[in-house]
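These notes concern the structure reproduced below.
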Amino acid sequence: MVLELNQVYTQLLSQPVSLRVITGDVATVDVDEAAGDDLLLSILGLRPLRGGVVSFDGAPLTPLSAPWFRRLTAFAPSTLNVVPDSAAERAMCGRGYHAGTLAEWCVEMLGLPTSLMGNVESEAALIGMDIQAVRQRPLAELTVAERRQLLLAVAAARAPQLLLVSNAVCQEGYLQQLARRRQLAVLSAGRPVTQAGEDVADAPAVAAQVVNSK
């Protein structure tokens with residue numbers, strides 16, 4: 001899998017972004033949370049681009065190709081309330097945290113097959129969650145950081161070719177290990193947050209610096 005962005009900018013990005021990320025690599029775009037969500041949803045074809053070209057394995061993103069690209073991609077949003085305006089967005093982002101336990105949420109709200117629940121728990125453990133403590137708690141009782149870690153675990157469990165991660169909870173090491181272990185390409189956009197779920201204080205207010213690492 002090769003994801004390329006060529007001078008891409010969206011409604012919330014103040015600067016165009018260009019990058020190339022391939023299988024086994026992790027790329028990061030340092031912007032604020034809202035701009036990161038906007039960029040990743042635009043890559044999925046769920047938000048309009050203001051300019052530039054997104055391509056997968058050399059094929060440009062278009063309204064016709066977007067559904068096929070989404071089948072190869074998993075998305076870990078910073079929150080399940082990432083403006084689920086359409087049926088396509090609801091399918092990618094879920095519907096909310098208000099009801100159910102972890103298993104009910106994964107199966108009913110994210111459409112995750114029950115056969116992948118073991119993968120979710122394995123990935124959550126690798127991220128550093130106490131999955132036994134989380135399993136039966138209502139989702140509404142989880143912290144912001146715990147919710148984001150679960151979203152990342154669910155996305156990783158889908159075993160995609162491309163993983164898009166919004167505002168990861170300081171999980172750079174996990175993402176690099178995941179890219180190599182699962183042989184997938186990873187793009188993280190949005191400023192990392194602390195384990196308490198707060199923005200890293202010394203990050204620039206708005207930036208579009210891209211770093212690729214193997």
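For reference, positions follow the sequence shown, starting with 1. Note that the structure is predicted; figures quoted are calculated from it, not measured.
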- prompt: Any side-chain heavy atom of Leu126 sitting closer than 4.5 Å to one from Tyr174?
  reply: yes
- request: Keeping the roles fixed (side chain from Gln183, backbone from Arg180), state whether a donor-acceptor pair exists under 3.5 Å.
  value: yes
- prompt: Can you name the nearest heavy-atom pair linking Leu13 to Arg50, along with the distance?
  reply: O-NH1, 4.1 Å
message: For a 4.5 angstrom cut-off between non-hydrogen side-chain atoms, does Leu151 reach Phe75?
response: no
Heavy-atom pair with the smallest gap, counting every atom of Pro60 and Phe69: O-CE1, 3.7 Å
task: Output yes when a side-chain donor or acceptor of Thr23 lies under 3.5 Å from a complementary backbone atom of Met1, and no otherwise.
output: yes
message: So which atom in Ser166 and which in Gly36 form the shortest heavy-atom distance, rounded to 0.1 Å?
response: OG-C, 4.5 Å
task: Could you pull out the closest heavy-atom pair between Arg158 and Ala74, with the gap in Å?
output: CD-CB, 4.1 Å
message: When you measure from the side chain of Asp38 to the backbone of Leu12, do you find a donor-acceptor pair of N or O atoms at a distance under 3.5 Å?
response: yes
- prompt: Are Glu123 and Arg181 close enough for a salt bridge, meaning some N to O gap below 4.0 Å?
  reply: yes
message: Using 0.5 Å steps for rounding, measure from the CD atom of Glu4 to the CG atom of Asp57.
response: 9.0 Å
message: Under the side chain to side chain contact (heavy atoms under 4.5 Å, CB included) test against Leu187, which residue among Val165, Leu175, Thr73, Leu40 passes?
response: Leu40
message: Can you give me the closest heavy-atom contact between Ser42 and Pro48, atom names plus distance?
response: OG-O, 3.7 Å
query: Just checking, any donor-acceptor pair under 3.5 angstrom between side chains of Gln7 and Ser18?
result: yes
- request: Starting at OG of Ser55, measure out to CG of Asn6 and round the result to the nearest 0.5 Å.
  value: 8.0 Å
task: Decide yes or no on side chain to side chain contact (heavy atoms under 4.5 Å, CB included) for Asp25 and Val186, but give the supporting numbers first.
output: CA-CA 6 Å; Asp25 277 4; Val186 179; over 6 Å; no
Reference residue Val54; test side chain to side chain contact (heavy atoms under 4.5 Å, CB included); the match among Leu44, Val8, Leu39: Val8
- line: d(Leu49 CG, Tyr9 OH) to nearest 0.5 Å is 10.0 Å
- request: Kindly determine whether Phe56 and Leu162 satisfy side chain to side chain contact (heavy atoms under 4.5 Å, CB included), including the steps that lead there.
  value: CA-CA 10 Å; Phe56 293 74; Leu162 171 67; 3.4 Å; yes
- prompt: Nearest 0.5 Å, what's the CD1-CG distance between Ile43 and Leu3?
  reply: 5.5 Å
- prompt: Checking Arg182 side chain against Ala156 main chain: does a donor-acceptor pair fall under 3.5 Å?
  reply: yes
query: Should Leu41 and Val53 be regarded as members of a common hydrophobic cluster, given that ILVMFWY residues are connected when their side-chain heavy atoms come within less than 4.5 Å of each other, either directly or indirectly?
result: no
field: Heavy-atom pair with the smallest gap, counting every atom of Leu72 and Pro160
entry: O-CB, 3.6 Å
